[in-house]
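Working notes, beginning with the structure itself.
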Amino acid sequence: MEAPQAGQDRDYKFIAKAVDEAYRAVESGVGRPFGAVIVRGDEEVVSCHNLVFKNTDPSAHAEITAIREACKKLGKINLSDCEIYASCEPCPMCLGLIRLSKIKVVYGAKAEIAFAAGFNGTVPDAFIEYYKKSGIEIRQAEGEAARIAEEVFEKSKDKFRME
């Protein structure tokens, strides 16, 4: 069993990478401030950010893009041996694909933080409970990892556009 500190360090490492992706989406103007990293074991499989503006595709969320890329790279649709580190709690659409791909989830910021910044993907607690009961492993990273993920919205609020 992994020591709690080692688990927090691992979470921080991959949430920080997802946060970097979130900033990259905003800075480049291709999407909104969301990022995701898919990991298998301790190896990064893919690292992606939101691409809704670049792709003119409202479904091009960071998690969706990362899962699509990981499936292509690994040549399979069952990602149960992987984890997705998301900068923010996944929206209902992303949770649907997460369930289909059987991937485990670790997220940084709670959806309420994104909602306060103007995004409408808030996930009701009952919805999260439904997905947990369906077998999805989903948890929020603790400590510094959650804090840096929450900062994304405040630090980039003047740089992203809402449509």
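- The two residues A141 and A145 have their closest heavy-atom pair at CB-CB, 3.8 Å.
- Within the model, atoms CG of N78 and OG of S101 stand 8.0 Å from one another, a figure rounded to the nearest 0.5 Å.
- The CD atom of E137 sits 9.5 Å away from atom OG of S80, with the distance rounded to the nearest 0.5 Å.
- Under 4.0 Å is where a charged nitrogen must lie from a carboxylate oxygen, and between R24 and E21 at least one such pair does.
- Take K102 and apply the side chain to side chain donor-acceptor pair (under 3.5 Å) test, not counting sequence neighbours, and it matches no residue.
- The NZ atom of K17 sits 10.0 Å away from atom SG of C48, with the distance rounded to the nearest 0.5 Å.
- The distance from atom CD1 of I103 to atom CD1 of I38, rounded to the nearest 0.5 Å, is 4.0 Å.
- The ring pair (Phe, Tyr, Trp, His ring centres under 6.0 Å) test applied to F34 returns F119, F153, not counting sequence neighbours.
- P90 and I138 get closest at one heavy-atom pair: CD-CD1, 4.4 Å.
- Taking the side chain to side chain donor-acceptor pair (under 3.5 Å) definition, one finds that K73 meets it with nothing, sequence neighbours left out.
- Residues meeting the side chain to side chain donor-acceptor pair (under 3.5 Å) test with D20, sequence neighbours left out: none.
- Residues satisfying the ring pair (Phe, Tyr, Trp, His ring centres under 6.0 Å) test with F14, not counting sequence neighbours, are Y85.
- Atom NE2 of residue H49 and atom NZ of residue K54 lie 7.0 Å apart, to the nearest 0.5 angstrom.
- A search for side-chain contact (heavy atoms from CB on, under 4.5 Å) contacts involving E142 returns Q8, not counting sequence neighbours.
- Crowding of L100 atom CG: a count of heavy atoms from other residues, nucleotides or ligands under 6.0 Å exceeding 12.
- Partners of E83 under the salt bridge (charged side-chain N to carboxylate O under 4.0 Å, His left out) rule, at least two apart in sequence or in another chain, are R10.
- Within the 4.5 Å cutoff, the side chain of L74 has heavy atoms near those of the C82 side chain.
- The CD1 atom of I98 sits 8.5 Å away from the SG atom of C91 when rounded to the nearest 0.5 Å.
- Using a distance-only test at 3.5 Å, with no hydrogens or angles considered, a donor-acceptor pair links the side chain of N50 to the main chain of R32.
- Every residue meeting the side chain to side chain donor-acceptor pair (under 3.5 Å) condition with E154, not counting sequence neighbours, appears here in chain and number order: K157.
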Let me have the donor-acceptor pairs involving side chains of residues 60-72, under 3.5 Å, with sequence neighbours excluded, atom names and distances please.
{"residue": "H61", "atom": "NE2", "partner": "P58", "partner atom": "O", "Å": "3.2"}
{"residue": "T65", "atom": "OG1", "partner": "H61", "partner atom": "O", "Å": "3.0"}

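- A search for side-chain contact (heavy atoms from CB on, under 4.5 Å) contacts involving K13 returns nothing, not counting sequence neighbours.
- For E144, the side-chain contact (heavy atoms from CB on, under 4.5 Å) partners two or more places apart in sequence, or in a different chain, are Y12, R147, I148.
- You'll find the side chain of V45 stays beyond 4.5 Å of the side chain of L79, heavy atoms only.
- Side-chain contact between R139 and D11: present, with at least one pair of heavy atoms (C-beta onward) separated by less than 4.5 Å.
- No donor-acceptor distance shorter than 3.5 angstrom exists from the side chain of Q140 to the backbone of Y107, with no hydrogens or angles considered.
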